Number of protein chains: 2
Amino acid sequence: MQLANILTELVSAGEYLPGSRLPSESKLCKRYGVSPMTVHRSIKALLDVGIVNTIKGSGTYVKAPGLKGVTFDLEEFHSIFRDKKHIKVNVLDAIIVKADKTTANRLAINEGDRTVLLKRVLVRDGDPIIYHKEKLIYDPYLPIMEAELEVTSLHGLFVGGGETRLKRGDLTIEAIALNEEEANKLNTVLHQPAFCLEHIFYDFDDRPLSWGRFICRGDRFKFKTSVGVPARVSPSA
Amino acid sequence: MQLANILTELVSAGEYLPGSRLPSESKLCKRYGVSPMTVHRSIKALLDVGIVNTIKGSGTYVKAPGLKGVTFDLEEFHSIFRDKKHIKVNVLDAIIVKADKTTANRLAINEGDRTVLLKRVLVRDGDPIIYHKEKLIYDPYLPIMEAELEVTSLHGLFVGGGETRLKRGDLTIEAIALNEEEANKLNTVLHQPAFCLEHIFYDFDDRPLSWGRFICRGDRFKFKTSVGVPARVSPSA
DNA sequence: AAGTGGTCTAGACCACTAT
DNA sequence: TAGTGGTCTAGACCACTTT
C-alpha cells in the first residue's frame with residue numbers, strides 16, 4: 001500500500017517522533033482522499049512491522065525501537081542450502097538403530113524401538129560448516145532412499161517440500177561447545193563454540209516423526225536483524 | 001477474526017492438507033455468509049502467520065511446515081528483565097573512556113574520542129547470567145545518572161521507553177566462548193559457550209548513538225519457537 | 001472466457017478513551 | 001459527549017492464471 005509507505009517515510013524522516021500520536025484515521029482519510037478501510041489497512045501494515053502501537057479509543061502512537069519485538073529469522077541459514085554451486089552434502093550414515101533414552105523421549109516411543117539415524121555434513125567449498133544428525137520414526141513402508149538424503153531432502157526441511165504429513169514443529173536454539181565427535185565431523189577443535197538448532201516435527205496426530213540437530217560452527221554463522229523503521233513496509237512502489 | 005480461526009482449525013485438523021488448495025475467496029463468502037473483504041482479511045491473517053501461500057490468479061495453498069520462515073524472538077530474554085523480584089542489576093562501571101579502534105568504527109567517530117562506557121551484570125537469585133557492556137557517544141549535555149543505569153535503563157533498551165531520539169537499530173547474534181574477563185564477571189569458567197547479542201542504535205540522522213553487547217551464559221539460555229499451524233491465529237474467541 | 005487473489009470505496013455500527 | 005481505533009458490508013475493478 002502506498003499510504004503505508006508514505007507514513008513509514010514520515011516516521012523515518014522524524015516527522016512523527018517516537019511516543020507521539022499519528023493523525024487519526026478519519027483525518028488521514030480526508031488528507032489523502034481515501035476510504036476508512038484503506039487507511040485502517042495501511043496502519044495495520046505499520047502495526048505488523050512494529051513501528052506503531054494502536055490503542056483503541058485513544059490513537060496510534062509511534063513506537064521507540066527496542067529489543068522487545070526483535071526477531072531473528074533463519075534466512076542466512078536457508079540461503080546456504082540454496083547455493084548449490086558451492087554446497088555439497090555428504091551422507092555419513094543412514095542406518096537403522098535402536099532408540100536410546102533421549103531419542104525415545106523426544107520421539108515419544110519406547111527405548112529400543114527402531115529408528116532411522118541420519119548423519120550428514122554440509123560442506124561449503126571444501127569447508128564443513130554444518131553437521132546434521134537426525135532420527136526418524138522407522139516406517140517399514142517408507143524405504144530409505146539414499147538419493148533422497150542429499151541436498152534435496154535437507155532443502156525440503158526448509159521449504160517444506162513434498163512432505164504433506166507434517167503439521168507443526170518445535171525449534172530450539174542453543175549456544176554450545178563442540179564435543180569430540182562434532183569437532184571431528186566439522187574438522188575443527190574441541191570446545192569450539194557453535195549453534196545447536198534442534199528440531200522436532202509432528203504429524204497431524206501430534207506424534208513426533210523426526211528429531212534432529214543442526215550443529216553450526218560459531219565462527220561461520222552470525223544471525224542479523226534490525227529494529228525500528230524499515231526502508232519500506234510493503235514491496236510496491 | 002472468527003473466520004481466520006475457523007480456517008486455522010480446519011487446517012490443523014487436517015481438513016486441508018499441506019499443498020492442497022483452500023476454497024476460493026468467493027466460495028468462502030457464500031459458505032460463511034460474509035463479504036469478500038472480510039474473507040480476504042481472514043486469509044491475510046493466515047498468510048501473516050505463514051500457514052498458507054497465496055498465488056494471484058490461482059488460489060490459496062496450505063504450506064508444509066519448514067525451517068524457512070522460522071523466527072526466534074527475544075521474549076524469553078525480555079521476560080528476565082520484567083521479573084524484578086528475582087533480578088538485580090549491578091553497575092560495575094560507568095566511566096568516560098577514549099574510543100579504541102573497534103568502538104570508533106562502530107560508533108562512526110574518531111579513535112580517541114570520548115565515550116561513556118557502561119558495564120553491568122544482571123543477577124538472578126545470586127546467579128550472574130548476563131554481562132552487558134555498552135559504549136555511548138559522550139554528550140556533555142546529558143550527565144550520567146547512576147540511578148538511571150539500573151534495571152530501568154536496561155529495561156528501556158527493550159521496550160524503548162523514554163528515549164525518543166532513536167530511529168533504528170542493528171542486531172547480530174553469535175555463538176562465542178567466554179574470554180577471561182567475561183567468565184570472571186559471569187562467575188563461570190573460561191571458554192564457557194555463550195550467546196553474544198550485539199546492538200547498535202541510530203538516531204534520526206542515522207548516526208550511531210550506542211553500541212553494546214549482551215553476553216549470555218549458554219547454559220542459562222535457550223531460545224524456543226515453533227512452525228506450522230498455531231493453536232489460534234488471532235486473540236479473539 | 002472463467003475463475004482467482006489484490007485492492008478499493010463509502011458508508012455503517014461498535015467498544016473504548018478522553019474531556 | 002465527542003473522538004478514536006476495530007470491524008464489517010456489498011458492491012466494484014484490476015492483473016493474473018487456468019482451461
Side-chain angles (χ1 to χ4, degrees), chain A residues 1-11 15-64 69 160 229 232-237, chain B residues 1-11 15-64 69 160 230 232-237:
Chain A
M1 249 291 277
Q2 299 172 31
L3 179 52
N5 286 326
I6 291 172
L7 293 174
T8 301
E9 276 162 29
L10 285 174
V11 172
E15 193 71 23
Y16 304 116
L17 289 175
S20 69
R21 216 186 68 182
L22 255 54
S24 74
E25 299 192 357
S26 62
K27 275 175 190 155
L28 290 173
C29 285
K30 287 171 193 159
R31 184 175 306 175
Y32 294 98
V34 293
S35 71
M37 188 58 152
T38 303
V39 167
H40 187 75
R41 289 207 298 158
S42 302
I43 286 177
K44 177 67 158 54
L46 303 205
L47 192 63
D48 285 343
V49 296
I51 76 180
V52 297
N53 274 329
T54 58
I55 302 177
K56 195 201 287 203
S58 172
T60 301
Y61 301 85
V62 180
K63 262 203 235 181
V229 189
R232 198 166 262 130
V233 61
S234 76
S236 82
Chain B
M1 246 291 275
Q2 300 171 29
L3 179 52
N5 286 327
I6 290 172
L7 293 174
T8 302
E9 275 161 30
L10 285 175
V11 172
E15 193 71 23
Y16 305 115
L17 289 175
S20 70
R21 215 186 69 181
L22 255 55
S24 75
E25 298 192 358
S26 62
K27 275 175 191 158
L28 291 173
C29 285
K30 288 171 194 161
R31 184 176 307 177
Y32 294 99
V34 294
S35 72
M37 188 60 160
T38 303
V39 167
H40 187 76
R41 289 208 299 158
S42 302
I43 286 176
K44 177 68 160 54
L46 303 204
L47 192 63
D48 285 344
V49 297
I51 76 180
V52 298
N53 274 329
T54 58
I55 301 176
K56 192 200 287 201
S58 172
T60 301
Y61 301 85
V62 180
K63 262 203 238 182
R232 199 165 261 130
V233 61
S234 76
S236 84

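If you're wondering where the values come from, they're calculated on a predicted model, not measured in any experiment. In what follows, chains carry the letters A, B, and so on, assigned in the order in which the sequence lines appear, proteins first and then strands, with residues in each chain numbered from 1. Just so it is clear, the values below take in all heavy atoms, side chains as well, and ignore hydrogens, waters and symmetry mates.
- Side-chain proximity of B:Arg41 to C:dG6, D:dC8, C:dT9: nearest is D:dC8.
- No option in B:Thr60, B:Val39, B:Val34 other than B:Val39 meets the side-chain contact (heavy atoms from CB on, under 4.5 Å) test with B:Leu28.
- The NZ atom of B:Lys30 sits 9 Å away from the P atom of C:dT4 (whole-angstrom rounding).
- A donor-acceptor contact shorter than 3.5 Å is absent between the side chain of A:Ser58 and the backbone of A:Ile55.
- Nearer the 5' end of DNA chain C, as judged by each residue's closest nucleotide, is the contact made by B:Gly59, out of A:Gly57 and B:Gly59.
- Here the side chains of A:Ile51 and A:Val62 are not in contact, with every heavy-atom distance at 4.5 Å or above.
- Note: CG (A:Leu22) to P (D:dT4) measures 12 Å, nearest angstrom.
- Comparing C:dA10, C:dT4, C:dG6 by their closest approach to the side chain of B:Ser24 singles out C:dT4.
- Separating the CD atom of A:Gln2 from the P atom of C:dG6 is a distance of 17 Å, rounded to the nearest angstrom.
- Of the candidates C:dG6, C:dC8, D:dC8, C:dG6 carries the atom nearest the B:Lys56 side chain, counting heavy atoms from C-beta on.
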| task | Any chance you could lay out the side chain to side chain contact (heavy atoms under 4.5 Å, CB included) test for A:Leu7 and A:Leu46, step after step, and finish with the verdict? | result | CA-CA 8 Å; A:Leu7 293 174; A:Leu46 303 205; 3.8 Å; yes
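- If you check D:dA10, D:dG5, C:dG11 against the side chain of A:Pro36, the one that comes closest is C:dG11.
- The side chain of A:Thr54 sits closest to D:dG6 out of D:dT4, D:dT9, D:dG6.
- Taking the side chain as every heavy atom from C-beta outward, B:Thr38 and B:Met1 approach each other to under 4.5 Å.
- Rounded to an integer number of Å, the gap from B:His40 NE2 to C:dT9 C1' is 15 Å.
- Candidate nucleotides D:dG6, C:dG6, C:dC8 were compared by shortest atom distance to the side chain of B:Met37, and C:dC8 ranks first.
- Straight-line distance from the NZ atom of B:Lys44 to the P atom of C:dT7: 8 Å, rounded to whole Å.
- Between B:Met1 atom CE and D:dG5 atom C1' there is a gap of 17 Å when expressed in whole angstrom units.
- Among the atoms of the strands shown, only primed sugar atoms or phosphate atoms (P, OP1, OP2) are found under 4.0 Å from some heavy atom of A:Ile55.
- The separation between B:Lys27 atom NZ and C:dG5 atom P is 9 Å, rounded to whole Å.
- Here the side chain of B:Ser58 is nearest to one of C:dA18, C:dG6, D:dT18, namely D:dT18.
- Of the side-chain N and O atoms in B:Thr38, none sit less than 4.0 angstrom from OP1 or OP2 of D:dT7.
- One atom, CZ of B:Arg21, and another, P of C:dG3, lie 11 Å apart when rounded to the nearest Å.
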